[in-house]
Amino acid sequence: MKRQHYAWVSMIPAAWLILCTLTAGWQKIFSDNPKLGFLAAARKYQSALDAGKTVAPAKSLEQMQQIVVNNHVDAVMAGLFLFLVLSMLVFSILACLKARSIAQRTDTETPYEPLPKAAAPVVH
């Protein structure tokens, strides 16, 4: 709509949300604390599994193996989510730059078209 001077109203909250999301995602994947990071938890359970021990909440070695697999799957999914967030950010910036380079307004509305008589709801 060519009202760039109001862009900060949405850019500041969006920047904060992106910062929080990327930080949390990075921590969930790469933190050295097994209570926080997926890969650290997988390493913890894998080392216990290699030693033949069970660690709560697992009650068997099969459950230990499942916890290791689940943590690796969670790390991959978190990584894909971070990729998706960054992709949306890049494409949003590209769309904004393209809209700014055009002199006229880039927002449009379709003209009003009344519903046909047969499709109009009956009000009693």
Side-chain angles (χ1 to χ4, degrees):
M1 293 176 61
K2 300 300 175 195
R3 296 182 181 169
Q4 293 90 339
H5 54 280
Y6 294 117
W8 66 270
V9 173
S10 59
M11 289 173 112
I12 291 174
W16 174 251
L17 290 174
I18 288 170
L19 177 69
C20 290
T21 301
L22 295 178
T23 301
W26 186 264
Q27 288 177 344
K28 286 303 293 176
I29 297 171
F30 298 111
S31 175
D32 290 333
N33 182 352
K35 292 181 180 180
L36 182 61
F38 293 129
L39 296 178
R43 284 190 300 271
K44 172 186 170 184
Y45 283 92
Q46 185 63 52
S47 65
L49 187 61
D50 293 342
K53 299 177 183 177
T54 57
V55 177
K59 293 179 176 50
S60 67
L61 295 179
E62 292 79 26
Q63 287 180 347
M64 293 282 291
Q65 183 61 38
Q66 189 62 51
I67 290 172
V68 170
V69 170
N70 287 351
N71 276 298
H72 282 108
V73 169
D74 288 343
V76 169
M77 294 303 292
L80 289 173
F81 179 69
L82 290 178
F83 175 76
L84 178 65
V85 169
L86 289 172
S87 297
M88 290 173 52
L89 176 63
V90 167
F91 286 112
S92 296
I93 291 171
L94 292 175
C96 289
L97 292 175
K98 182 179 177 183
R100 285 194 70 200
S101 68
I102 299 172
Q104 69 272 13
R105 288 176 56 162
T106 55
D107 62 327
T108 58
E109 292 185 19
T110 56
Y112 172 74
E113 292 183 27
L115 288 174
K117 295 279 186 199
V122 178
V123 180
H124 295 281

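Side chains included, hydrogens not; waters and symmetry mates left out as well; all remaining heavy atoms used.
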**Request:** Would you confirm whether K28, through its side chain, and A75, through its main-chain N or O, come within 3.5 Å as a donor-acceptor pair?
**Result:** no

**Asked** Do side-chain atoms of S101 reach the backbone of K98 as a donor and acceptor pair under 3.5 angstrom?
**Response** yes

So do the side chains of [X] and [Y] get within less than 4.5 Å of each other, counting heavy atoms only?
| X | Y | value |
| --- | --- | --- |
| M77 | L80 | yes |
| L49 | I67 | no |
| L39 | H72 | yes |
| M64 | V55 | yes |
| L86 | V90 | no |

Nearest non-hydrogen partners of [X] and [Y], listed with the distance:
| X | Y | value |
| --- | --- | --- |
| A40 | S31 | CB-O, 3.2 Å |
| A56 | Y45 | O-OH, 3.0 Å |
| P34 | K44 | CB-CD, 3.8 Å |

Single-linkage hydrophobic cluster, 4.5 Å side-chain cutoff, [X] and [Y] together:
| X | Y | result |
| --- | --- | --- |
| V69 | L61 | no |
| L17 | L89 | no |
| I12 | V9 | yes |
| L22 | I93 | yes |
| I18 | L97 | yes |

**Among V68, D32, N71, the one residue meeting side-chain contact (heavy atoms from CB on, under 4.5 Å) with R43** = D32

**Message:** Using the side-chain contact (heavy atoms from CB on, under 4.5 Å) definition, which of the options L82, D74, L36, V76 pairs with I29?
**Reply:** L82

